[in-house]
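All remarks here apply to the structure that follows.
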Amino acid sequence: MNIIDGKYVSNIIKEELSERIIIENINPGLGIILVGNRPDSKIYVNMKKKSCSKIGIKNFDVTLPENVSEEDVINEVEKMNNNNEIHGILIQLPLPKHINEQNVLSKVLLEKDVDGFHVQNIGNLALNRLNNCFAPCTPTGCIELLKRYNIQIEGKNVVILGRSNIVGMPLSFLFLHNNATVTICHSKTKNLKEVTQRADILVAACGRPNLITKDYIKNECVIIDVGINKIQCDNEKGYQIVGDVNFKDVIDKVKMITPVPGGVGPMTIAMLLTHTVEACSKINNKNN
Ligand code: GUN
C-alpha cells in the first residue's frame, strides 16, 4: 500500500499522549481564541477542542466578534498568559484584516506558544534551536509522518510548493535541519514542472486544487499534500474536499502519498496536542 495514513498515525500519537498525561499525573490546558465567523476556522477550532477533550486536555476557549479591536484580542492573550491552568495558547488564523496578526502573535508567552508562530520562535526555528520552543504544527506533522513511515529525508531533493508563514517557510527550515536539499516554489516560479520533476519528496501547500498531476513528478516520488480545498461537485453535499494534488492521476506513479482528507490534517491537530502536553510537562517539572 502506498498511502501515508495520517489519521492512523495521529490516533497512535493521541493514545501515547493520553498515557503520558496519566503517567506524569499532569493537567494540561489549551487556551483557544477564535475571532469572527469564518466557517472553516470554526470547524478547525471545534476539531481541536474535541481532540483535546478526548485525550484529557482542558480547553479554555474564547470567541470574539469580527469587529473586535486588536487591543481586546491582546487582552485575551494576556489573560491566558497569566492563567496557570493554561499551558498552550492557540490563536486561530487568519484574523480579520483590521488586526495585525504579528502584533497579536508576539504577545503570546514563548513557553505557551504551542503554534510556534511567535517571531522569536520562528527565529529559533531558523537557527535550529528548538529545545525550548515549538515549530509550527503543520510542518512538524509533515516531518513526523515521514519519520514514522521511515522515509529518509537526509540527502533527498525536497521541493515545497508555497511559501506561507504557516507551512512552506517553516517547513523549509525543518527539512534543511534534517539535511535535505530544499527548493521552495511559489506563484512567480518559472518552469515549475522542471523543478517539481526533480523532487524525491514533493510537498504541495499552495492552495490550488488538483494542481499536481503525474506530469509534474518523477517515478517513485513521495508526496505530502497539505492542501485543503473545497470544490463544487454533484454529490449530495454539493462539494468535496480535495488537496493540491490530483490523487487519482498520480497514485500509480508515486512511492507514497498522503490522502486528503486523512493525511496531514489530523497530524496538525496531533502536533498541537503534543506541544500542549509538552509545555505542561515542562512547567510541571520546573515546579517540582
Ligand atoms: N490556520 C490555518 N492553519 C492554522 C494553524 O496551524 N494554526 C492556527 N492557529 N491557525 C491556522
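What's counted below: heavy atoms across the whole structure, side chains too, no hydrogens, waters or symmetry copies. Each ligand, and each atom within it, is numbered from 1 in the order the structure gives. Residue indices begin at 1 and follow the sequence shown.
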Nearest non-hydrogen protein atom, atom 11 (C) of ligand 1: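 Checked against all protein heavy atoms, atom 11 (C) of ligand 1 sits closest to Gln92 NE2, 3.4 Å.
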Where is the nearest protein heavy atom to atom 1 (N) of ligand 1: which residue, which atom, and how far?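 The closest one turns out to be Leu93 O, 2.9 Å.
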Give a yes/no verdict on whether any heavy atom in Tyr44 is under 4.0 Å from an atom of ligand 1.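 No, Tyr44 has no heavy atoms under 4.0 Å from ligand 1.
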Report yes or no: does Lys112 contribute a side-chain atom to a donor-acceptor pair with the main-chain N or O of Ile86 at less than 3.5 Å?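 At least one qualifying donor-acceptor pair exists.
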Is a side-chain N or O of Asn59 found less than 3.5 angstrom from the main chain of Leu30, in a donor-acceptor match?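 Not at all, since once roles are kept as given, no pair shorter than 3.5 Å links the two residues.
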Short N or O distance, Asp115 and ligand 1, threshold 3.5 Å exclusive: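 In this structure, Asp115 places an N or O atom under 3.5 Å from an N or O of ligand 1.
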Below the 3.5 angstrom mark, is there an N/O of Ile91, backbone or side chain, next to an N/O of ligand 1?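 It does: an N or O of Ile91 is found under 3.5 Å from an N or O of ligand 1.
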For atom CG of Asn285, decide whether the heavy atoms of other residues, nucleotides or ligands shown that lie under 6.0 angstrom number more than 12.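 Result for CG/Asn285: enclosed.
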Between Asn103 and Glu70, does any side-chain donor sit less than 3.5 Å from a side-chain acceptor?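 Asn103 vs Glu70: donor-acceptor pair found between side chains.
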Check this for me, if you would: do Lys107 and Glu76 make a salt bridge, where the nitrogen-to-carboxylate-oxygen distance has to be below 4.0 angstrom?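 Looking at Glu76 together with Lys107, the answer is no, because their closest N to O distance does not fall below 4.0 Å.
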